[in-house]
**Q** 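Have a look at this one.
What you see is a predicted model; the values in this text were computed from it and never measured.
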Amino acid sequence: MSVRVSEEVVRWGLRFFLSAKAIKAPSFPNQQLAHIWGPGSRSQTCLLDKSPVGSVRFYSQGGVHSQDLEEEKRLSSPVGDSSLPDETGLEQTQRRSPFLDGLQHCGSPSDVLDLTSQYSPSVRQFSNCLTHMWSTTKKMSDEQRRSELQLMFEHPAFDKLLQMAMKRVGQMRNEDLAYSLLGMVKLGVPQGSRVVQTFLRTCQENLNDFDEKALSILASCLENMEGSANVGALKEGMRLVVEARLPGIKNVMALQTMMRLLGKDAPLDLKRKLERKALSMTDQFSLPNTQYMISTMATMGFYSKPLLDVCSKTIKENLHGIPFNRLYTVLQSCRELHYRDLDLLTDISEYVTSIIDVWTKKQVVLFLSVFESLAFCPAALMEAFAKKVIANPDALTLKDLLCVLKVYSSLNYDLQQQRQQFLESLSRALDSYLPKMSGFELLKAVYHLCLLGHFPSAPLEQLLESRTLEKFNTTAPRFLPNQERMFQTVNLCLGLERPLLPRLVAVPPSVLGDPIPSSPPVNPWLSQSLQSVLADQADTTLQEMVVVENFYLIDGLITKPLPDQTSVTGASRCAEEERPPAESSQRIAVICTSHSGFCFGTSNPRGPLAVKIRHLKILGYDPVLVTEQELQSEEKRTDFLRGRIFPEHLSSDAQPKVDLEDGRQEPHLVQ
């Protein structure tokens, strides 16, 4: 048995257990049992028979519990993947018992319940029954699982099994106790019911005697439970136990399971202790451990770069051994933690591309979506997937299509020769879904196409029909700003890019809202540096925070006379001829943006910023992009801006170059 925690923990536990908030377990086996429901749950009929212990129907709220019961393979260690968690620990005679032999052949919860009607399970076999019942449902389809669970709840032996388990809970080993509770929760037994609350109370009373494995099982169970007085007490008790026993934990999976249980609410100093413990065990990390550690940190809301770097290195070296679900979870966790390792993202994207024919279309779309959420452009994957779309655009579902449009417009990847064919393929697929699309889905599709500079007539005309526009009058206030922003972008694209359409379409003012952007305060670093740059420039003016087209904000607008025409090169002269006739000066639009405006690891602007640059060029401006990080160096920022704004004053080899910490090259002057 493991070492007990300090007397302070015990005293705390006793104080809490005597609290009026804790739900008392039944003290006598012969008293009738009433059903206890949590706040907000529906009352259910308690069917009492004439036996000393009343029979209780354990229906879940609203019918059969619909939570996905599929359990990750993480429970295979240390909790155990076997449907019979105790079997390896039973005596030889018990392993050969008819009950256990029959249990191995049960293929559904009802089969197990039928078996309990023939053979009464022993105290050590209750957890086997409940765990095996849960295990049999994991490989079923959703519909079959719902049906089997309904049969289980209606089976007369189910009540009897739970009543017997509750009566004999005090005789169970701690490991069986934890397994039984986990099985009931996974099967959907109402968490406010007397049987679940009884097991929670017993776990509280025995918590000091739980060993590492039992604690890990209990942590897996509590992770999926709703908040209640007993759940809260048990979680707090486990936090104290884990903190006290942390130096002695030897199993990586047990550590991770407890980390997940402690979650985001764990004190920072405890998270630091867990980090140090995990780092001390990195030599024991298996490949699944590294994947699971990243998702565990995401669950805790704890960013540990040393730990993430260790895990990333192992994952990069073993990509071919990671299945889709785990690889996708790693990327999702990286997004939640705001952790981006350029080598890791590049290696994963190249690996996915190398076996793109092995993945399903849905899997590739999910990969593209999570890469986009990380602001990472997987160029090879996007090019390979574009070829598949061109070959068979009809294979895209509406959900897939909307996701693909968002990804390609956001990442602003230039497909070059494939671009037009790809966009036309997407447009044809979109046309087939127009009759069934909602107004907001249609708006999103048109918005993303406009970001891509593509203007198919059919979706545009349907979006701007009066009957479609009427649907937007009922938009909830919290969605209204995003809706107006998309309409404003569509309106600007139509007005500035003037696409050739069969008939004139225009966005009505009623859906545009107030297009004038809120003006943020002037960036003092940029303002001071621009003034220093222009101090020795004759006939040059500076305007700050200029709004163009009632939509685009320019941090600094520099106006200077055009160069002497005799010194203008042929290329520059052609550029000047493209300017609006009224322009007699060069207008330089200095735009200060954050790293989020660029694809990670590159100087390629993302969707909204790319459209802003495109439109400013149409309006006759020369956009110059600078990042906030490039302005942090007081000694260098003035020279840096001078070289960026007036490159003719510096030789090419003397122009400043600032390397960004994340590996991206500096944004270049957009010509």
**Q** Return yes if a side-chain donor-acceptor contact under 3.5 Å exists between Asn230 and Gln204, otherwise no.
**A** yes
**Q** Please enumerate all residues that pass side-chain hydrogen bond (donor to acceptor under 3.5 Å, both in side chains) together with Lys313, with sequence neighbours excluded.
**A** Glu317
**Q** Excluding sequence neighbours, so at least two apart, what forms salt bridge (charged side-chain N to carboxylate O under 4.0 Å, His left out) with Lys399?
**A** none
**Q** In chain order, what residues pass the side-chain hydrogen bond (donor to acceptor under 3.5 Å, both in side chains) check against Glu628, with sequence neighbours excluded?
**A** none
**Q** Calculate, to the nearest 0.5 Å, the distance between atoms OG and CD belonging to Ser193 and Gln191 respectively.
**A** 8.5 Å
**Q** Holding to side-chain hydrogen bond (donor to acceptor under 3.5 Å, both in side chains), I want the full list of residues that pass it with Ser529, two or more places apart in sequence or in another chain.
**A** Arg637
**Q** Would you say Tyr339 and Ser312 are linked by a side-chain donor-acceptor pair, where the criterion is simply a distance under 3.5 Å?
**A** yes
**Q** Answer with yes or no after comparing the ring centroid distance for Tyr351 and His320 against a 6.0 Å cut-off, counting only values under it.
**A** yes
**Q** With a 3.5 Å distance limit and no angle check, can you tell me whether Gln284 reaches the backbone of Met281 through a side-chain donor-acceptor pair?
**A** no
**Q** Report, one line per pair, each donor and acceptor closer than 3.5 Å where one atom sits in a side chain of residues 362-377; sequence neighbours left out.
**A**
| unit_1 | atom_1 | unit_2 | atom_2 | d |
| --- | --- | --- | --- | --- |
| Lys362 | NZ | Asp400 | OD1 | 2.9 |
| Gln363 | OE1 | Thr360 | N | 2.9 |
| Glu372 | OE2 | Ser410 | OG | 2.8 |
| Glu372 | OE2 | Arg606 | NH2 | 3.3 |
| Ser373 | OG | Val370 | O | 2.6 |

**Q** Is there a salt bridge (charged side-chain N to carboxylate O under 4.0 Å, His left out) between Arg239 and Glu243 once you walk through the steps?
**A** CA-CA 6 Å; Arg239 185 186 70 79; Glu243 187 170 9; 3.4 Å; yes
**Q** Above 12 or not: heavy atoms from other molecules or residues under 6.0 Å from CG of Asp269?
**A** yes
**Q** Under a 3.5 Å cutoff, is there a donor and acceptor pairing between the side chains of Gln332 and Thr329?
**A** no
**Q** Sequence neighbours left out, what passes salt bridge (charged side-chain N to carboxylate O under 4.0 Å, His left out) with Asp309? Give chain and number order.
**A** Lys305
